[in-house]
**Student:** 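Handing you this structure, nothing more for now.
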Amino acid sequence: MDQVSNIDKQKLPKHIAIIMDGNGRWAKEHGKPRVFGHQNGVKSVREVTEASAELGIQYLTLYAFSTENWSRPAFEVNALMGLLVETIRKEIKTLNDNDIRLQAIGDIDQLPKKSRKALLEGIENTKENKRMTLVLALNYSSRWEIKEAIKKIISDHDTGKLGKADLSDEVIHSYLSTKDIPDPELLIRTSGEHRISNFLLWQIAYSELYFTDIYWPEFRKAHLYEAIINYQNRERRFGKISEQLPL
Ligand code: IPE
Ligand code: IPE
Ligand code: MG
């Protein structure tokens with residue numbers, strides 16, 4: 001199943017975003033509590049991060065916790081927050097060994113103190129790394145991000161820093177939490193769900209979407225290769241017709 005040699009290194013996406021879904025259903029199928037699924041999802045995070053860095057992907061964004069996920073039972077939310085602290089602490093060394101920089105998007109200030117602290121430490125301790133940026137979407141939702149951007153745009157307009165005529169796609173991008181990150185060329189969602197769940201709505205305007213039935217805890221390097229090969233076989237037209245595209 002290892003298809004890495006079929007990947008065209010000249011046509012790699014710069015940025016891959018993943019909606020990691022299906023932990024709970026995977027656990028249920030194994031007769032275990034949902035948290036067991038989250039714990040096992042960490043291995044998939046490790047695999048995908050490693051595979052992406054090895055291939056030369058520059059940005060990998062993982063949707064780890066949405067603003068809507070606070071509505072889950074408190075026990076599950078607490079377990080997820082605990083897992084976050086534990087995983088970041090454990091993985092900092094590996095991130096540094098592999099020259100991977102950690103970043104986060106989302107309403108980080110609203111995370112429990114311990115989780116925020118671990119995250120900020122992870123970001124600080126990996127900030128000089130250059131090979132790849134791993135972006136965790138944490139307490140993230142796209143509507144939250146767009147709302148925040150609009151607030152800042154209005155206040156910059158009020159103070160005269162930004163005129164109505166200045167409002168281009170690029171300027172809007174510069175107000176988002178992904179301002180230093182290119183839009184993802186490829187968005188993957190696991191677990192057979194075909195929806196976006198409030199993730200990167202502005203940024204995925206022209207992303208290729210890839211859905212797989214595999215549950216996140218079962219997602220391995222080979223599945224990532226499969227998604228990339230699928231992406232590389234698509235024709236990205238951006239509104240043009242085939243004949244207008246470069247050969
Ligand atoms: C994804 O798996 C992890 C998070 C959303 C935090 P789920 O927990 O959503 O698993 P399912 O979708 O219920 O199977
Ligand atoms: C989306 O998964 C959020 C994350 C992967 C963190 P959910 O499982 O929360 O999405 P819905 O509720 O099924 O749309
Ligand atoms: Mg889910």
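Keep in mind it's a predicted model, so treat the numbers as computed, not measured. Each ligand, and each atom within it, is numbered from 1 in the order the structure gives.
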**Student:** Which atoms from ligand 1 have a heavy atom of His38 less than 4.0 Å away?
**Tutor:**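 Near His38, meaning under 4.0 Å from one of its heavy atoms, ligand 1 has 3 (C), 8 (O).
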**Student:** Which residue and non-hydrogen atom of the protein lie closest to atom 10 (O) of ligand 1, and at what distance in Å?
**Tutor:**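 Protein heavy atom at minimum distance: Gly24 N, 2.9 Å.
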**Student:** Under the salt bridge (charged side-chain N to carboxylate O under 4.0 Å, His left out) test against Lys221, which residue among Glu50, Glu47, Glu226 passes?
**Tutor:**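 That would be Glu50; it is the only one of Glu50, Glu47, Glu226 passing the salt bridge (charged side-chain N to carboxylate O under 4.0 Å, His left out) with Lys221.
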**Student:** Please identify which atoms of ligand 2 are closer than 4.0 Å to at least one heavy atom of Phe65.
**Tutor:**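 Result: 6 (C).
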**Student:** Output the list of atoms in ligand 1 that are nearer than 4.0 Å to some heavy atom of Asn69, sorted by atom number.
**Tutor:**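 So the atoms of ligand 1 that pass are 5 (C).
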**Student:** Near Arg72, which atoms of ligand 2 are under 4.0 Å from a heavy atom of that residue?
**Tutor:**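 Contacts of ligand 2 toward Arg72, numbered from 1: 7 (P), 8 (O), 9 (O).
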**Student:** Between Asp99 and Lys130, does any side-chain N to carboxylate O distance fall below 4.0 Å?
**Tutor:**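 So Asp99 does not pair with Lys130 through a salt bridge.
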**Student:** For ligand 2, is there an atom lying under 4.0 Å from some heavy atom of Arg25?
**Tutor:**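 It does not; every heavy atom stays at 4.0 Å or beyond.
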**Student:** Is Tyr63 close to ligand 2, meaning an N/O of one under 3.5 Å from an N/O of the other?
**Tutor:**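 No, no N or O pair falls under 3.5 Å.
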**Student:** Has the side chain of Thr133 got a donor or acceptor atom that lies under 3.5 Å from a matching backbone atom of Arg101?
**Tutor:**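 No, Thr133 side chain to Arg101 backbone: no donor-acceptor pair under 3.5 Å.
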**Student:** Just to confirm my output: which protein heavy-atom neighbour is closest to atom 1 (C) of ligand 1, and how far is it?
**Tutor:**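 Minimum-distance protein heavy atom for atom 1 (C) of ligand 1 reads Met20 O, 3.0 Å.
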**Student:** Could you identify the single nearest non-hydrogen protein atom to atom 2 (O) of ligand 1 and state the distance to 0.1 Å?
**Tutor:**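 Atom 2 (O) of ligand 1 sits closest to the protein heavy atom Asn23 N, 3.1 Å.
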**Student:** Compute whether any side-chain donor of one residue and acceptor of the other, for Asn139 and Trp70, lie under 3.5 angstrom apart.
**Tutor:**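 Their side chains do contain a donor-acceptor pair, which is all the 3.5 Å distance test asks for.
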**Student:** Restricting to non-hydrogen atoms, name the atom on Gln232 and the atom on Lys11 that form the minimum distance, rounded to 0.1 Å.
**Tutor:**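 In this case the closest contact between Gln232 and Lys11 is O-NZ, 2.8 Å.
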**Student:** Are Leu60 and Ile7 grouped together when hydrophobic residues (ILVMFWY) are joined by side-chain heavy atoms under 4.5 angstrom apart?
**Tutor:**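 Same cluster: Leu60 reaches Ile7 through Ile, Leu, Val, Met, Phe, Trp or Tyr contacts under 4.5 Å.
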**Student:** Return yes or no for this condition: an N or O of Trp26 is under 3.5 Å from an N or O of ligand 1.
**Tutor:**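 No: no nitrogen or oxygen of Trp26 is under 3.5 Å from one in ligand 1.
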**Student:** Using a strict 4.0 Å threshold on nitrogen-to-oxygen distance, state whether Arg236 and Glu208 make a salt bridge.
**Tutor:**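 A salt bridge is present here (some side-chain N lies under 4.0 Å from a carboxylate O).
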**Student:** Could you tell me, atom by atom, which parts of ligand 2 come under 4.0 Å of a heavy atom of Arg195?
**Tutor:**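 Under 4.0 Å from Arg195, ligand 2 has these atoms: 11 (P), 13 (O), 14 (O).
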**Student:** Please list the nearest protein heavy atom to atom 6 (C) of ligand 1 with its residue and the distance rounded to 0.1 Å.
**Tutor:**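 Here the nearest protein heavy atom works out to Ala64 O, 3.4 Å.
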**Student:** Would you mind listing which atoms of ligand 2 come within a distance below 4.0 Å of any non-hydrogen atom of Ile19?
**Tutor:**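 Selected atoms, number and element: 5 (C).
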